[in-house]
Amino acid sequence: MSGFKIATWNVNSLRVRLPQVLEWLNKEQPDALALQETKLQDIDFPESVFTDIGYRVVYSGQRTYNGVAIITRDSINEKITDLPGIEDIQRRVLAVTVNGVRIINLYIPNGESVTSDKFQYKLQWLRSLEIFLKQELGAHQKIIVLGDFNIAPQPIDVHNPTEWEGKVLFSDQERKAFANMLELGFADCFRALNPVLQAYSWWDYRVNAFKRNLGMRIDHILASQSLIAQCELCHIDKTPRSHERPSDHAPVTAAFI
DNA sequence: ATGGTTGCAACGCAA
């Protein structure tokens, strides 16, 4: 596939955000869009809404929590919905191949707080993810890993890094796990294309965080080494976050030559 | 200020 545009968006309920997703698709015309937190069982996924406008869809959902989906222009192959080595009812992984590009959509656990059991689950999940990514790198050349990572990689990705030091989303353990991922052979598209730009992809619903720009960059698009040289643009679209009834996340887009 | 908001679903849980 040459000349393609791919995006990720944690929509925090596809049922609520469906009109915004359709509007955004129509305006941006990506070749692929990875969604997280669809919060829909597969039986409830609004498949025809997307096929009617010329997209194909694949999804791995559950009710109330989690749920991932990928919307693409071209045909979808080699679907995987689980990490190796862990039993997990939570639907957080969706890997597919489209036009020779491996697309791995992730909704990495939030972790709640570093003292929580959910934080240990997050770290274990990240260890399994690393094993999975190694496998994928052995099987595919062109890989894009994207989604809600729930990790801010560097101080520049946090509105107040001093305050967030050691806290969930920005702890040393999580940042190390992110760095390990890059060391496997991936680049962070946004940071590769915008080395010193401070921009966020998520703002808490509370405390007027969006208006005050108290955000974090936790939604990412990683590209394998054979793809990163072809990445010509990566940006975060804050527009939908300013809409009525927004998701707390903004979509992130990368374009490849 | 240990608060605040949102979504789901029906009470508190997760984010």
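In what follows, chains are A, B, ... by sequence order, proteins preceding strands, each numbered from 1. Remember, predicted model here, so these are calculated numbers, not experimental data. We use all heavy atoms of the structure for the numbers below, so side chains are in, but hydrogens, waters and symmetry mates are not.
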Distance in angstrom units between [X] [atom1] and [N] [atom2], rounded:
X: A/D117; N: B/dA14; atom1: CG; atom2: P; result: 11 Å
X: A/K211; N: B/dG4; atom1: NZ; atom2: C1'; result: 15 Å
X: A/D248; N: B/dG4; atom1: CG; atom2: C1'; result: 14 Å
X: A/N10; N: B/dA14; atom1: CG; atom2: P; result: 17 Å
X: A/I89; N: B/dA14; atom1: CD1; atom2: P; result: 11 Å
X: A/I151; N: B/dA15; atom1: CD1; atom2: P; result: 14 Å
X: A/I218; N: B/dA14; atom1: CD1; atom2: C1'; result: 14 Å

Item checked: Stems involving DNA chain B, each a run of at least 3 consecutive Watson-Crick or G-U pairs under 3.5 Å -> B:5-8 with B:12-15

Margin query: Check whether A/R92 reaches the backbone of A/V68 with its side chain - one donor and one acceptor, N or O, closer than 3.5 Å.
Written below: no

Next item on the list: Assess whether side-chain contact (heavy atoms from CB on, under 4.5 Å) is satisfied between A/F256 and A/I144, documenting all intermediate values.
Entry: CA-CA 11 Å; A/F256 294 81; A/I144 292 174; 3.8 Å; yes

Next item on the list: Scan residues 50-59 of chain A for pairs that pass side chain to side chain donor-acceptor pair (under 3.5 Å), counting only residues two or more places apart or in two chains.
Entry: A/E47-A/Y59

Sticking with atom [atom1], work out how far [N] lies from [M], rounded to a whole angstrom.
N: B/dT6; M: B/dC11; atom1: C1'; answer: 16 Å
N: B/dA1; M: B/dG12; atom1: C1'; answer: 23 Å
N: B/dG3; M: B/dA9; atom1: P; answer: 26 Å

Would you tell me whether [X] and [Y] have side-chain atoms, one donor and one acceptor, within less than 3.5 Å of each other?
X: A/Q36; Y: A/T8; result: yes
X: A/R217; Y: A/Q198; result: no
X: A/Q90; Y: A/Y65; result: no

Next item on the list: With salt bridge (Lys or Arg N to Asp or Glu O under 4.0 Å) as the test, would you mind laying out the steps for A/D44 and A/R63 before giving the verdict?
Entry: CA-CA 9 Å; A/D44 294 323; A/R63 64 171 222 164; over 6 Å; no

Next item on the list: Could you tell me whether A/R92 contacts a base, only the sugar-phosphate backbone, or nothing, with contacts defined as non-hydrogen atoms closer than 4.0 Å?
Entry: sugar-phosphate

Notebook entry, point to check: When we call it a touch if two heavy atoms are under 4.0 Å apart, what does A/Y107 touch: a base, just sugar-phosphate, or nothing?
Noted result: sugar-phosphate

Margin query: Can you classify the ring geometry of A/H249 versus A/W202 as parallel (below 30°), tilted (30 to 60°) or perpendicular (above 60°)?
Written below: tilted

Next item on the list: Could you please spell out the steps behind the side-chain contact (heavy atoms from CB on, under 4.5 Å) verdict for A/L126 and A/K176?
Entry: CA-CA 10 Å; A/L126 287 165; A/K176 181 68 162 62; over 6 Å; no

Checklist line | Summary of protein contacts for nucleotides 5-13 of chain B, nucleotide by nucleotide, where a base hit scores B, a sugar-phosphate-only hit scores S (4.0 Å, heavy atoms) | finding: BSSSS---B

